[in-house]
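Hydrogens, waters and symmetry mates are skipped; everything else that's a heavy atom, side chains included, is used. Below, chains carry the letters A, B, ... as their sequence lines are ordered, and counting in each starts from 1.
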2 protein chains.
Amino acid sequence: MRISELSRLSGVSVTTIKYYLREGLLPAGRQRSATQAEYDGHHLRRLRLIRALTGVRGLSVSTTREVLGALAEHTGDTHRLLGLALGSIGPFEDSAEDSTGRAEVDGLVEELGWDVHDSAPARVALAETLGSLRGLGVPLDRGALVPYARLAEHTAVLDLDQLDGIDDPLELAERALLLTVLLEPALMALRRMAQENESARRHGGGRP
Amino acid sequence: MRISELSRLSGVSVTTIKYYLREGLLPAGRQRSATQAEYDGHHLRRLRLIRALTGVRGLSVSTTREVLGALAEHTGDTHRLLGLALGSIGPFEDSAEDSTGRAEVDGLVEELGWDVHDSAPARVALAETLGSLRGLGVPLDRGALVPYARLAEHTAVLDLDQLDGIDDPLELAERALLLTVLLEPALMALRRMAQENESARRHGGGRP
DNA sequence: GGTCATTGGATACCTCTACTGTCTAACATG
DNA sequence: CATGTTAGACAGTAGAGGTATCCAATGACC
């Protein structure tokens with residue numbers, strides 16, 4: 001298909017598609033001639049993925065590029081390396097290498113017995129957030145964190161279960177990405193509702 | 001204290017503080033004269049909160065204003081109403097009122113037996129995300145969602161436990177906000193690490 | 001073969017957000 | 001009185017995420 005059809009099917013304007021091509025989010029089509037390139041279903045799929053990451057999840061274009069790059073690199077290898085590349089999500093400002101928080105996180109991971117790469121960006125992200133909370137007078141010690149971590153373990157089991165039985169490595173990698181990244185807003189929404197429910201239960205917001 | 005001291009203590013430049021004052025994120029100090037206003041510890045605390053919300057969590061200035069507004073309104077009343085106001089987080093684009101997804105979410109909430117306000121924005125947020133995932137060929141049916149929801153219940157219990165024993169209503173509301181909003185990146189980081197760990201466990205990324 | 005809309009590629013432009021800089025008159029402080 | 005700080009107003013800036021326009025080269029239809 002040509003770019004105009006790609007635009008029609010995806011609902012993304014031609015100029016925006018060109019922009020994504022320029023920015024390296026979308027691979028170029030097969031060049032047929034100087035004025036024609038051929039796009040296919042992969043491009044359409046990729047385009048939908050881009051819109052989901054930038055729109056629903058709110059990732060920046062540059063982060064999206066990194067994420068998609070990781071997807072291409074680690075196909076077949078999936079979660080392990082995907083997780084490694086994905087931490088770059090979130091708007092964590094360059095902080096002064098909070099080594100206190102980092103040590104705290106490393107200790108936590110060890111206590112949990114988790115097999116997590118040393119350079120996993122999630123470690124940094126966690127240290128960062130905990131540091132901020134501490135600065136605001138909400139110190140979360142290990143005792144408070146471990147129960148959350150155990151729940152995260154259960155979540156991860158559910159996540160990986162979703163990926164069972166997918167054979168095509170490309171499909172697998174993409175599905176893993178979607179579950180890791182796009183499910184986040186959904187889980188947070190569930191948490192919000194669960195909080196409201198729990199709050200009602202405790203403080204007698206009794207049902208009529 | 002004067003604005004320059006507020007700036008020094010918070011690490012935020014005077015001009016930026018003025019910007020936050022203009023934008024209504026920070027309440028004005030007590031006006032002493034035409035050229036002097038008096039700020040106190042509350043302002044400092046608020047300023048740190050603003051930086052945490054915009055920096056760590058990546059909220060926009062306008063969303064931060066809404067969140068802080070909700071904080072002021074619902075002090076003492078906390079989670080119930082806080083949750084109601086907080087859904088406006090996340091970059092959910094104006095979608096075509098996905099009524100399919102909405103019905104799905106309402107059904108889920110009913111099955112769970114949750115006491116959640118009809119107009120809770122988290123309902124919309126969830127419907128939105130599930131719609132996107134469906135559009136990308138990852139339909140999550142109720143059977144897949146309920147286990148996640150049960151985990152969210154446990155998370156909410158932990159969250160509310162953290163708020164136990166706080167008497168000052170202002171303190172309580174602020175703490176609730178921090179736990180709801182700022183803990184999100186931390187929980188997601190834990191999930192990422194748990195995924196990596198689980199992936200290693202399943203696919204034999206054996207420890208040396 | 002002629003005609004005309006479409007395409008790829010390049011570049012300029014636009015809008016929004018989150019600040020930042022500068023100016024001024026009115027003070028505060030020594 | 002001299003000096004420095006402050007509130008308040010307003011213009012300017014940098015980056016992100018597109019959008020618009022132009023152009024020459026086509027390709028499809030007649």
Between [options], which nucleotide gets closest to the side-chain atoms of [X]?
{"X": "S4(B)", "options": "dC19(C), dT6(D), dG18(D)", "value": "dT6(D)"}
{"X": "Y20(A)", "options": "dG17(D), dA7(D), dG18(D)", "value": "dG18(D)"}
{"X": "Y39(A)", "options": "dG8(C), dA7(D), dA18(C)", "value": "dG8(C)"}

* If you count the non-hydrogen atoms of other residues, nucleotides and ligands that lie under 6.0 Å from CZ in R2(A), is the total more than 12? -> no
* Does a side chain donor of either T129(A) or S132(A) reach within less than 3.5 Å of an acceptor in the other side chain? -> no
Using whole Å, what does the distance between atom [atom2] of nucleotide [N] and atom [atom1] of [X] come to?
{"X": "E23(B)", "N": "dG8(D)", "atom1": "CD", "atom2": "P", "answer": "15 Å"}
{"X": "L21(B)", "N": "dA18(C)", "atom1": "CG", "atom2": "C1'", "answer": "15 Å"}
{"X": "Y19(A)", "N": "dG18(D)", "atom1": "OH", "atom2": "C1'", "answer": "6 Å"}
{"X": "I17(B)", "N": "dT20(C)", "atom1": "CD1", "atom2": "P", "answer": "11 Å"}

Quick test: give all pairs of protein nitrogen or oxygen and nucleotides 27-30 of chain C nitrogen or oxygen below 3.5 Å, distance rounded to 0.1 Å.
none

* Asked: Looking for any heavy atom pair under 4.0 Å, which part of the strands does T15(A) touch: base, sugar-phosphate only, or nothing?
  -> base
* Heavy atoms under 4.0 Å, any strand shown: does Q31(A) hit a base, just sugar-phosphate, or nothing? -> sugar-phosphate
* Kindly state each residue pair satisfying side-chain hydrogen bond (donor to acceptor under 3.5 Å, both in side chains) with at least one member in residues 166-179 of chain A, sequence neighbours excluded. => R45(A)-E174(A), E171(A)-R175(A)
* Structure fact -> What one should report as the nearest heavy-atom pair of A125(A) and A189(B) is CB-CB, 4.3 Å
* Structure fact -> On a heavy-atom basis, the closest approach of G24(B) and R65(B) is O-CG, 4.2 Å
* Base of dT20(C) paired with side chain of R22(B) (donor-acceptor, under 3.5 Å) -> yes
Going by atom type alone, with no hydrogens or angles, which donor-acceptor pairs under 3.5 Å involve a side-chain atom of residues 144-152 of chain B and a protein atom two or more places apart or on another chain?
residue, atom, partner, partner atom, Å
Y148(B), OH, D159(A), N, 3.3
Y148(B), OH, D159(A), OD1, 2.3
R150(B), NH1, E153(B), OE1, 3.3
R150(B), NH1, E153(B), OE2, 2.7

* Please tell me which of S62(B) and K18(A) maps to the more 5' nucleotide of DNA chain C, matching each residue to the nucleotide holding its nearest heavy atom. => K18(A)
